[in-house]
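Numbers for residues simply follow the sequence, beginning at 1. Small disclaimer: the values here were computed from a predicted structure and weren't measured.
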Amino acid sequence: MKLTSSDNQKLRAAFAACRLADIDLAVVSEGKIRGLSESKNAAIFSELELSIDPTITLGVTRLSELEKRLSLFGDDILIEGEINDAKKVKKLSIKGKAGKIEFRATDIALLERKYPKAHSEEVGTVVTLSKAEVALISKGIRALGAEQMTLQVKRDGSVRVESTDSSNDRFEVELESRAEFVEDEIASVNSYNTSSSGVLLKLIEHTVREADSTQLMVMKSGNIGLKIYGHDILAIPRIL
């Protein structure tokens, strides 16, 4: 199995999205990349069309380490995979002009319960935040030292973001834009991890680096869908 330079670029973009979401375990197969963070705060379920046979499966449990090795020799590299009879990648060989480094893949049989198999959730609400609102929310929550953020959408479409600290001091922001309901006007309240192991704030901050606003696709389950480096990342709510 040989990957093209285009495959290499696609893999790096997908792995960069995983890194931002603290996802270090992923499976690539059948034109998709699927993975879950160890903290179960985030998941990736996104299209990833490579030039190789789509039935070949690559399982990775040290994704951050693989990303480092892919970048070791710059952009001009050749990636080859050793495949077993079950069309599973056993090992990757990454060759540059000056050297070579290997990476041993993980048998997906060992990962069966650790990554999402499918994603068929429906978007319930679309919440829009301006760049200024993202900055204010991030600064407010960090100033408070709050370990969770609550996103409340009311039936009239008004949206409130709030957090409380261990002393029950409160920080709250009423968003300027009203939520857009995909179907029924259903109120929702979901909380997300904003502690050191949480990823939602940095994901939202990333989406407004080069944009004036961002949209959060709030699923009916409470999962928030975001586009990161062109890939679909889900921020998963806390189970209270």
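- By the 4.5 Å heavy-atom criterion applied to side chains, V127 and V153 are counted as neighbours.
- The backbone N or O of G145 sits nowhere less than 3.5 Å from a side-chain atom of D165 that would complete a donor-acceptor pair.
- Taking a cutoff of 4.0 Å between a charged side-chain nitrogen and a carboxylate oxygen, E185 and R155 do not qualify as a salt bridge.
- You'll find the side chain of I83 stays beyond 4.5 Å of the side chain of K88, heavy atoms only.
- Taken from CD1 in I137 to CG in L201, the straight-line distance is 8.5 Å, to the nearest 0.5 Å.
- At least one donor-acceptor pair closer than 3.5 Å links the side chain of K131 to the backbone N or O of V208.
- With hydrogens and angles disregarded, a donor-acceptor distance shorter than 3.5 Å links the side chain of D7 to the backbone of T4.
- Here the closest non-hydrogen pair linking A235 and L226 is CB-CD1, 4.3 Å.
- In terms of heavy atoms, I23 sits closest to I44 at CD1-N, 3.6 Å.
- Side-chain atoms of N41 come within 3.5 Å of backbone atoms of S197 as a donor-acceptor pair (strictly under, hydrogens ignored).
- Using a 4.5 Å heavy-atom threshold, the side chains of V126 and M217 count as touching.
- Side-chain contact between E174 and V159 is absent, with no heavy-atom pair separated by less than 4.5 Å.
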Given L203 and I233, is the side-chain contact (heavy atoms from CB on, under 4.5 Å) satisfied, shown in steps? CA-CA 9 Å; L203 291 174; I233 298 288; 4.0 Å; yes
Please evaluate residues H206 and I228 with respect to the criterion side-chain contact (heavy atoms from CB on, under 4.5 Å), reporting the C-alpha separation (whole Å), side-chain torsions for both, the decisive distance (0.1 Å), and the verdict. CA-CA 8 Å; H206 174 84; I228 306 294; 3.8 Å; yes
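- Q9 places no side-chain N or O within donor-acceptor distance of the main-chain N or O of S6, the cut-off being under 3.5 Å.
- Rounded to the nearest 0.5 angstrom, K32 NZ and E49 CD are separated by 7.5 Å.
- Using a cutoff of 4.0 Å between basic side-chain nitrogens and carboxylate oxygens, E205 and R142 are scored as salt-bridged.
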Evaluate E80 against K95 for salt bridge (charged side-chain N to carboxylate O under 4.0 Å, His left out), listing each step before the verdict. CA-CA 8 Å; E80 295 181 312; K95 300 177 182 178; 3.0 Å; yes
For I236 and Y192, what are the C-alpha separation, side-chain angles and deciding distance, and is it a side-chain contact (heavy atoms from CB on, under 4.5 Å)? CA-CA 7 Å; I236 301 171; Y192 304 87; over 6 Å; no
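- R19 and E67 are joined by a salt bridge, as a carboxylate oxygen and a charged side-chain nitrogen come within less than 4.0 angstrom of each other.
- In this structure, P237 and N190 approach most closely via the heavy-atom pair CB-CB, 4.4 Å.
- Remark: the T106 side chain and the T61 side chain contain an N/O donor-acceptor pair separated by less than 3.5 Å.
- Remark: R160 CZ to K154 NZ distance equals 4.5 Å, nearest 0.5 Å.
- Within the model, atoms CD1 of I141 and OG of S163 stand 3.5 Å from one another, a figure rounded to the nearest 0.5 Å.
- Around NZ of K40, the count of heavy atoms belonging to other residues, nucleotides or ligands within 6.0 Å does not exceed 12.
- Side-chain atoms of E121 and N223 form a donor-acceptor pair, as typed in the model, at a separation below 3.5 Å.
- Once rounded to the nearest 0.5 Å, the distance linking CG of L216 with OG1 of T125 reads 10.5 Å.
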With side-chain hydrogen bond (donor to acceptor under 3.5 Å, both in side chains) as the criterion, how do D156 and S158 come out once you've worked through the C-alpha distance, each side chain's angles and the decisive distance to 0.1 Å? CA-CA 6 Å; D156 64 0; S158 60; 2.7 Å; yes
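- No donor-acceptor distance shorter than 3.5 angstrom exists from the side chain of S138 to the backbone of A135, with no hydrogens or angles considered.
- Residues A42 and L36 approach most closely at O-CD1, 3.4 Å, considering heavy atoms.
- Within the 4.5 Å cutoff, the side chain of L70 has heavy atoms near those of the I79 side chain.
- Between the S46 side chain and the D232 main chain, a donor and an acceptor come within less than 3.5 Å of each other.
- Inter-residue side-chain proximity for L72 and I77 is flagged as unmet; no heavy-atom pair is nearer than 4.5 Å.
- In this structure, the side chain of T194 engages the main chain of Q148 through a donor-acceptor pair within 3.5 Å.
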Test T128 against L175 for side-chain contact (heavy atoms from CB on, under 4.5 Å), laying out the working first. CA-CA 8 Å; T128 300; L175 299 188; over 6 Å; no
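- Side-chain contact between V161 and M149 is present, with at least one heavy-atom pair separated by less than 4.5 Å.
- Atom CD of E133 and atom OG1 of T214 lie 11.5 Å apart (nearest 0.5 Å).
- Formation of a donor-acceptor pair under 3.5 Å by the D53 side chain with backbone atoms of T55 is found in this model.
- Pairing each heavy atom of T57 with each of S29, the nearest pair is OG1-CB, 3.6 Å.
- A donor-acceptor pair under 3.5 Å is formed between the side chain of R62 and the backbone N or O of R104.
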Evaluate the side-chain hydrogen bond (donor to acceptor under 3.5 Å, both in side chains) criterion for residues S37 and D22: first the C-alpha distance (whole Å), next the side-chain angles of each, then the deciding distance (0.1 Å), finally the verdict. CA-CA 6 Å; S37 66; D22 292 347; over 6 Å; no
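- Taking 4.5 Å as the limit, every side-chain heavy atom of R12 sits out of range of all side-chain heavy atoms of Y229.
- In plain terms, the two heavy atoms of I94 and F73 that are nearest each other are O-CE1, 3.6 Å.
- In this structure, a donor-acceptor pair under 3.5 Å is present between the side chains of S191 and T150.
- Checking each of R69, K90, K91 against E102 for a salt bridge (charged side-chain N to carboxylate O under 4.0 Å, His left out) leaves exactly one that passes, namely K91.
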